[in-house]
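Below: the structure, in C-alpha cells.
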Protein chains: 2
Amino acid sequence: MSKPTIQDVARAAGVHPGTASRALNPGLTGRTTPETTRRVREAATRLGYVPDQSGRNLRTRRSHTIGVLIPDLGNPVFPPIVRGIEDGLRDAGYEALIANTDDSPEREDQLIRVLTARNCDGFIIASSRRDDPAVAALLDSKMPVVLVNRLMDTVTASVASDDATGMRAAVNHLVGLGHRTIAHVTGPNTLSMTQVRRAAFEEAVAAAGLAADPGLIETAARYAVDEGHHAFSRLLDRRAPTAVIAGNDMIAIGCYTVLRGRGLRCPEDVSVVGFNDMPLSGFLDPALTTVAIPQNDIGTAAAQLILEMIADGRSLHRLLPVSLVVRGSTGPPPVR
Amino acid sequence: MSKPTIQDVARAAGVHPGTASRALNPGLTGRTTPETTRRVREAATRLGYVPDQSGRNLRTRRSHTIGVLIPDLGNPVFPPIVRGIEDGLRDAGYEALIANTDDSPEREDQLIRVLTARNCDGFIIASSRRDDPAVAALLDSKMPVVLVNRLMDTVTASVASDDATGMRAAVNHLVGLGHRTIAHVTGPNTLSMTQVRRAAFEEAVAAAGLAADPGLIETAARYAVDEGHHAFSRLLDRRAPTAVIAGNDMIAIGCYTVLRGRGLRCPEDVSVVGFNDMPLSGFLDPALTTVAIPQNDIGTAAAQLILEMIADGRSLHRLLPVSLVVRGSTGPPPVR
DNA sequence: ATGAAAGCGCTAACAG
DNA sequence: CTGTTAGCGCTTTCAT
C-alpha cells in the first residue's frame, strides 16, 4: 500500500477532498466546522497522511523553497553564512537550494533559471555584481530577493556587514600603532563590497591626516589567495608600506606569501590586516588581525528578511555590526 | 510575459506538446525525427524554456531531489565535497537539500524526517556513526542511500577515500625520514573513518618494524582544533614522539598550537602530518604535509552513485585514491 | 513518428 | 460551510 492521498483522508472522514484540504490547511481554519476539522485531522493522522509537495507546489505555485546563490562554497567565508541561512529557513518550514556561481555571469544566469524552474519562492543572493543583468531581471520580475554583502542600487532588501565602520577601525588601529604609509589591496571593482571598503579606506586615511597616494592601492582580480599575492607583489614593486589592509582574509593570506617570499617579516617589517575573520584565520602564523563580520548572523538575518518579504512584502536594508579582532599580524612600524 | 511552458515551445515548433516533451527528454531520442528534435530544441532555447519541475515531479512521482546530511559545513573538509555533490546532481537535473547534523543523533533523526517529507528520492549521508539507528531505519525502508567517508556494516553503497593506503604512505614517509617514535592523534571512535585510519597506522608501524606502543595513540573527542590540541597535549605529557600523524587537518592544527605553546619547533623538533588536505592547509606555517583526499571527486562520485541506485537499483562501494602531499611540516627527526 | 487525451495530487473559485 | 469543478505543467499511454 502506497502513501495515502487527500482523497483517502476525505473518504475516511466522510467528506469531500476540497473540504479535507481546507480542514488540513492551518490558514483556513474557521472555514470548516470544528467538528469536521477534527474528524478530518483525526483521519489524516490515523492514516499517516503527509501532503504531497509536488501536487501542492504545482497548484499553489509555491514551493517553500528559497534559492541561495553564492560565489563559491570553497571560500571559507561562505559556509558560516550558508549555515545561518539554512537554519533560519528550516525553522520556518523552508528549505534552501544552494548553488555556486563561481562568479561567472553566465552560470549565475543559468542557475537562476534552474532554481526558478523549481518554483523557488524567493532568492538570497550573495554573488551579485554591481552591474548584474540576471539579478536585475529577477528583481524586475517581482520575485522576492535579498542581497547579501554585495549590493545593487535597485534592490530594496539586503543584509550586509558595516564594512565602512570596520575599515575605519582597521585604519585607526594601524595609525594608533604609528603607521604612516598604509596600503590597501582591494578585491575586484565589479563588486559593491570592494567599493565600500575602498571608499572607507580613503576616507579614514584622509581623516587621520595622511597623504592620499593612489599608488598605495592595488586591485586583486578576485578575492583569492593567488590574486591577492599578485596584487600585493605589484604594489611592493613601487611602494614600501609599513602596513597593508587586505580586501578580505584570502587576499591577506596572499600578502603573507608575498612577504615570506621577499624575506620580510610580519608584523616586524609589515603589518597585515584582513577582513571577514573567516574560520582558521586565527590559526595562521602570525594569527591574522582582521575585521570580523558576524557571518552566522548575516545568514539568519537574510533568512528572516526573505521570509518577511514573502509574507508581507516588507523589505529593508540591514547593516550588521563588525568588530576588529587584533591578533599577531599587526604591530608598530619598523624604525627607519 | 511569464515563463514559457512546453505548450509554448510546441506551438513555436509547430508540434504537439507530447512530441515536444519527447524531443526534449534525452532518454527518448530516437522516438522523434532528427528534424523534429532539432526544431523543438531550437524553439526551446530560443524561448528560454526551462521545464517546470513541479509539473514534472507530479507526473513522474519523483522529486528530483536528494537529501544531503553532513556534520557541519563549517568544517573546511566538507564544502568541496558538497560542491562535488551539488554539481554532480544538478548536471542530472537533481537538486541537493543540504542539512547539518552537528554530529547530534537527535538532530540527524529529525532532519531525516524533514527531508523525507519533502519526498527526497534518495540520501547522501556523510554524518553517520558506526552505530546509527536513524540511518539504519532509513536503509531498512529501502530508500536509496549512499554513505560518504563514514561507513556502516549494513550499507550497500558508499564512497570513501582509500585512507588505509594514505595512512601507510604517511607512516612510510616519516619512517623514511628516520623517525622511530611516531604518535597518532585519532578522531572519535564512534566513526568508522577513525577505525580505518587507526588500524592502518598500527599496521604500518608494525610493518616498519617499530615497537607497538599504545601510549603513542590518543583520541580526540571531535575532529576539531581544540580537541586535537587537548589530545596531543595529553600525549606529550607521557611520551616524546618525534612525529605525529593527526586524524585530520583540524586536529593537525591543534597539534601545531600545542607545539607552539611548548616552545617546540615544527618540523625541527616534531614533524606533523595531517589528513584530508583541506583548503588553506597549504597556507599554514609551516605548510602542512598531509594525505590529500579527492574531496571534489568524492562528491561527484557520491552523486553519480545515488543516481545509479535510483535508476537501476545498482549499488557498490567505491574507494578513491589518495596522495601524500609533502610540504614543510615534516623533516628528519632531531639528533638526540 | 506524431497527435490526442488522460491524469499525477492538490487547492482555489464558484455555487449552493 | 461544503460540494463541485477545473486546472496548475508535464509525461505517457493509446491510437493513428
Side-chain angles (χ1 to χ4, degrees), chain A residues 1-41 43-44 47-65 113-121, chain B residues 1-41 43-44 47-65 93-94 117-119 121 311:
Chain A
M1 53 168 277
S2 74
K3 281 193 336 190
T5 71
I6 200 166
Q7 297 239 25
D8 301 326
V9 174
R11 199 175 310 121
V15 297
H16 190 271
T19 309
S21 173
R22 284 183 283 253
L24 258 18
N25 193 322
L28 270 51
T29 33
R31 316 248 319 176
T32 49
T33 310
E35 164 59 11
T36 307
T37 308
R38 196 198 55 72
R39 230 177 43 245
V40 172
R41 296 236 168 114
L47 298 182
Y49 170 72
V50 182
D52 181 279
Q53 291 297 327
S54 302
R56 162 183 270 248
N57 291 350
L58 180 57
R59 176 64 224 217
T60 61
R61 317 271 40 187
R62 278 276 178 90
S63 63
H64 291 270
T65 289
R113 280 218 293 279
V114 169
L115 296 179
T116 305
R118 292 254 169 184
N119 291 316
C120 284
D121 300 339
Chain B
M1 49 167 272
S2 76
K3 280 189 337 184
T5 72
I6 199 167
Q7 297 238 24
D8 301 325
V9 174
R11 199 174 310 120
V15 297
H16 190 271
T19 309
S21 173
R22 283 183 284 251
L24 258 18
N25 193 321
L28 269 51
T29 32
R31 314 248 320 175
T32 49
T33 307
E35 163 61 13
T36 306
T37 309
R38 196 197 55 72
R39 230 177 43 244
V40 171
R41 295 237 169 112
L47 297 181
Y49 169 72
V50 182
D52 181 281
Q53 290 302 320
S54 299
R56 157 184 270 248
N57 292 348
L58 179 56
R59 175 65 222 222
T60 60
R61 313 277 39 209
R62 286 270 175 84
S63 68
H64 296 269
T65 288
Y94 277 71
R118 290 252 169 185
N119 287 317
D121 298 337

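No experiment lies behind these values; they were computed from the predicted model shown. For the numbers below, each heavy atom of this structure counts, side chains included, while hydrogens, waters and symmetry mates do not.
Distance check, rounded to the nearest 0.5 Å: OG1 of A/Thr60 to CG of A/Asn119 gives 8.5 Å. With rounding to the nearest 0.5 angstrom, the CZ atom of B/Arg118 is 8.5 Å from the OG1 atom of B/Thr65. Between atom CD of residue B/Gln53 and atom OH of residue B/Tyr94 there is a gap of 10.0 Å, rounded to the nearest 0.5 Å. Rounded to the nearest 0.5 angstrom, A/Leu28 CG and A/Thr19 OG1 are separated by 11.5 Å. Put simply, OG1 on A/Thr33 and CZ on A/Arg39 are 9.0 Å apart, with the number rounded to the nearest 0.5 Å. Going from atom NE2 of A/His16 over to atom CZ of A/Arg22 covers 8.5 Å, rounded to the nearest 0.5 Å.
Using a 4.0 Å cut-off on heavy atoms, the residues of residues 9-18 of chain B that approach DNA chain C are B/Val15, B/His16, listed by number. Applying a 4.0 Å cut-off to non-hydrogen atoms, none of the residues of residues 31-38 of chain A approaches DNA chain C.
Remark: C1' of C/dT11 and CG of A/Leu28 are 9 Å apart, rounded to the nearest angstrom. Atom pair B/Leu58:CG and C/dG7:P shows a separation of 13 Å (rounding to whole Å applied). Rounded to an integer number of Å, the gap from A/Asn57 CG to C/dG9 C1' is 11 Å. The CD atom of B/Gln7 sits 13 Å away from the C1' atom of C/dG3 (whole-angstrom rounding). Distance, A/Ile6 CD1 to C/dA12 C1': 13 Å, rounded to whole Å. Between B/Arg22 atom CZ and C/dA1 atom C1' there is a gap of 8 Å when expressed in whole angstrom units.
Heavy atoms of A/Arg61 sit under 4.0 angstrom from primed sugar atoms or phosphate atoms, though from no base atom.
Each salt bridge (charged side-chain N to carboxylate O under 4.0 Å, His left out) pair with one or both residues in residues 54-64 of chain A, not counting sequence neighbours, appears once here: A/Arg61-B/Asp52.
Applying the 3.5 Å distance criterion, the base of C/dG9 shares no donor-acceptor pair with the side chain of B/Arg59.
For the pair B/Leu24/B/Val40, a side-chain contact is recorded, criterion being any heavy-atom separation below 4.5 Å from C-beta on.
For A/Arg38, the salt bridge (charged side-chain N to carboxylate O under 4.0 Å, His left out) criterion is met by A/Glu35, not counting sequence neighbours. Remark: A/Thr5 engages A/Gln7, A/Asp8 in a side-chain contact (heavy atoms from CB on, under 4.5 Å) (not counting sequence neighbours).
A donor-acceptor pair shorter than 3.5 Å cannot be found between the side chains of B/Asn57 and B/Ser63.
Contact footprint of chain A on DNA chain D: nucleotides with an atom under 4.0 Å from a non-hydrogen protein atom, first to last in 5' to 3' order, D/dC1 to D/dG9.
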